[in-house]
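Accompanying notes for the structure given below.
Indexing begins at 1, ligand by ligand and atom by atom, following the structure's order. On a predicted model such as this, the values are computed, not experimentally measured, just so you know.
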Amino acid sequence: MSALHDLTARDAAARVRRREVSATELTRAALSRITAVEPQVGAILTICEREALAAAEIIDRRVAAGEDPGLLAGVPVGLKDNICTAGIRTTASSRILEAFVPPYDATVAARLQQAGAVLVGKLNCDEFAMGSSTENAALGVTRNPWDPERVAGGSSGGSAAAVAAREVHASLGSDTGGSIRLPASFCGVVGMKPTYGRVSRYGVIAFASSLDQVGPLARDVGDAALVLQAIAGHDPADGTSSQRPVPSYVAALEGGVRGLRLGLPREYFVEGMQPDVEASVRAAVRTLEAQGATVEPVSLPHTEYAIATYYLITSAEASSNLARYDGVRYGLRAAGGGTLAEMYERSRAAGFGPEVKRRIMLGTYALSAGYYDAYYLKAQQVRTLIRRDFEQAFAHVDALIAPVAPSTAFRLGERVDDPLTMYLSDILTISLNLAGLPGISLPCGLDAAGLPIGLQLIGKAFDEATLLRIAAAYEAASDWTARSPIP
Ligand code: GLN
């Protein structure tokens with residue numbers, strides 16, 4: 001039998017339910033895997049050993065009592081550290097929240113727990129989820145498990161690296177402009193950004209509220225479906241969460257792609273793309289055609305405006321969301337400073353890192369009187385055009401197929417001093433957030449340096465099931481998923 005930490009989440013849960021393995025054994029296996037590999041990965045900010053073992057014991061007691069402890073019974077998982085957990089430090093990788101212990105659970109954290117999952121760690125990310133490499137992280141960088149000199153991607157780098165390194169069986173990340181899909185692609189795991197409103201944002205530390213969405217990172221498509229199943233659905237505590245019923249994502253995996261129409265967006269094969277990324281994605285397209293899908297070119301003509309639009313809207317929303325960190329109610333309060341204004345200033349100057357400050361200033365500027373119409377309003381208008389591009393494409397096709405990023409994982413330090421180049425990493429992921437649509441990233445190859453390449457599928461609103469179905473068909477016809485870079 002393979003090591004316990006190698007099991008997929010669904011296999012692990014099935015074994016717990018059949019009493020072949022206990023939740024406590026799985027949790028201990030995850031904790032010892034963490035001890036063994038964490039020094040070379042740096043994915044975890046807080047290891048919840050005591051809480052995890054206590055939670056596992058409860059699951060084991062429930063199994064012994066003949067109860068069904070849920071879809072993810074006894075499965076060790078991790079959460080991006082912008083997801084609030086009652087009694088467990090939640091930092092958003094920021095100095096300003098370094099010592100913050102939330103008094104309540106985010107809905108997604110509570111739902112995973114209700115499904116029987118065992119939280120073993122809070123995972124590193126870019127500060128307030130602003131970044132593409134997990135280098136804008138105040139409490140330490142995460143390394144790519146495939147190559148310690150490379151970034152894990154971001155902003156949910158810890159969530160992707162922990163799954164790739166088999167420290168946890170699955171995790172949650174958040175995706176405002178690519179932050180689940182990009183690290184999933186760089187680390188060779190599956191990551192899904194659900195439709196805006198499919199998953200509750202209650203208790204998730206806000207970056208840009210009109211785009212933020214939580215989703216799973218997993219070792220394969222089946223596990224991603226299972227985790228999404230556990231977290232999706234209406235939440236009365238989040239006014240933007242949808243009332244639509246949640247279909248069976250697990251059942252969707254069986255459908256195959258025969259008869260499905262896929263669109264290949266012309267604008268997503270950008271100049272300067274790494275040739276082996278393009279070659280792998282085109283090979284994946286042929287694999288899906290061989291399975292019975294038809295593929296046709298489509299156009300998303302406003303793609304070139306997506307980055308500018310995204311940075312205006314997200315920075316505007318961030319400047320407003322981050323106004324709450326004032327040193328008064330919670331979070332860091334800097335010493336000294338005679339007046340209230342000085343206290344705010346010192347606390348925010350000491351608490352926020354450079355990228356967060358850059359965005360607060362950009363956002364404040366874009367929202368200020370006299371500039372609002374030229375920047376924020378204009379960006380909202382372009383956002384509508386971007387959404388319409390997708391609507392027009394989806395009049396002809398069931399899903400879109402594209403790369404996740406123009407390159408594989410870049411080197412640590414390579415882009416950190418050049419924000420514009422860093423922003424370009426998201427060129428193929430952010431449009432879909434502006435349109436509110438779902439997307440999935442799954443492994444489709446390795447480049448010449450042996451680094452994972454990601455395939456992206458983009459779907460119609462609330463059609464996660466079709467994306468999972470295509471992804472499962474591709475996964476079954478290829479063998480890129482479920483490889484682990486660290487034996
Ligand atoms: N890299 C993008 C940014 O820096 C996306 C971040 C995200 O999706 N949270 O904003």
Contacting atoms of ligand 1, where contact means under 4.0 angstrom from a heavy atom of [X]:
| X | value |
| --- | --- |
| Asp426 | 1 (N), 2 (C) |
| Phe207 | 9 (N), 10 (O) |
| Tyr311 | 2 (C), 3 (C), 4 (O), 10 (O) |
| Ser155 | 9 (N) |
| Gly177 | 5 (C), 7 (C), 8 (O) |
| Gly131 | 1 (N), 2 (C), 3 (C), 4 (O), 6 (C) |
| Ala129 | 6 (C), 7 (C), 9 (N) |
| Tyr310 | 2 (C), 3 (C), 5 (C), 6 (C), 10 (O) |

Would you say the side chain of Tyr310 lies within less than 4.5 Å of the side chain of Tyr305, judging by non-hydrogen atoms?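 Heavy-atom side-chain distance check fails, nothing below 4.5 Å.
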
Atom CD1 in Ile313, atom OG in Ser315: separation rounded to 0.5 Å?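 Rounded to the nearest 0.5 Å, the CD1-OG separation comes out at 10.0 Å.
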
Determine whether any heavy atom of [X] lies closer than 4.0 Å to an atom of ligand 1.
| X | result |
| --- | --- |
| Met422 | no |
| Tyr423 | no |
| Thr314 | no |

Judged by modelled atom types alone, do Glu317 and Ser210 share a side-chain donor-acceptor pair under 3.5 Å?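 The criterion, which ignores hydrogens and geometry beyond distance, is satisfied for Ser210 and Glu317.
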
Residue pair Ser155 / Asp126, side-chain donor-acceptor N/O under 3.5 Å: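 The criterion, which ignores hydrogens and geometry beyond distance, is not satisfied for Asp126 and Ser155.
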
Looking at [X] and [Y], does any basic side-chain N land under 4.0 Å from a carboxylate oxygen?
| X | Y | result |
| --- | --- | --- |
| Asp220 | Arg10 | yes |
| Arg282 | Glu278 | yes |
| Asp326 | Arg348 | no |
| Lys460 | Asp463 | no |

Report yes if Arg359 has an N/O atom closer than 3.5 Å to an N/O atom of ligand 1; otherwise report no.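 Indeed, backbone or side chain, Arg359 has an N or O that close.
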
Would you check the N or O atoms of Thr176, main chain and side chain alike, for any that come under 3.5 Å of an N or O of ligand 1?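 Indeed, backbone or side chain, Thr176 has an N or O that close.
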
Taking side-chain hydrogen bond (donor to acceptor under 3.5 Å, both in side chains) as the test, write out the residues that go with Glu355, two or more places apart.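 side-chain hydrogen bond (donor to acceptor under 3.5 Å, both in side chains) list for Glu355, sorted by chain: Arg358, Arg359, Tyr423.
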
Checking contacts here: is it the side chain or the backbone of Lys193 that comes within 4.0 Å of ligand 1, counting heavy atoms only? Could be both or neither.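 For Lys193, no heavy atom sits under 4.0 Å from ligand 1.
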
Can you sort out the partners of Arg95 under salt bridge (charged side-chain N to carboxylate O under 4.0 Å, His left out), two or more places apart, ordered by chain and number?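 By the salt bridge (charged side-chain N to carboxylate O under 4.0 Å, His left out) rule, Arg95 matches Glu98.
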
In the protein, what heavy atom is nearest to atom 6 (C) of ligand 1, and what distance, to one decimal place, separates them?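 Of the protein heavy atoms, Ser179 OG, 2.8 Å lies nearest.
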
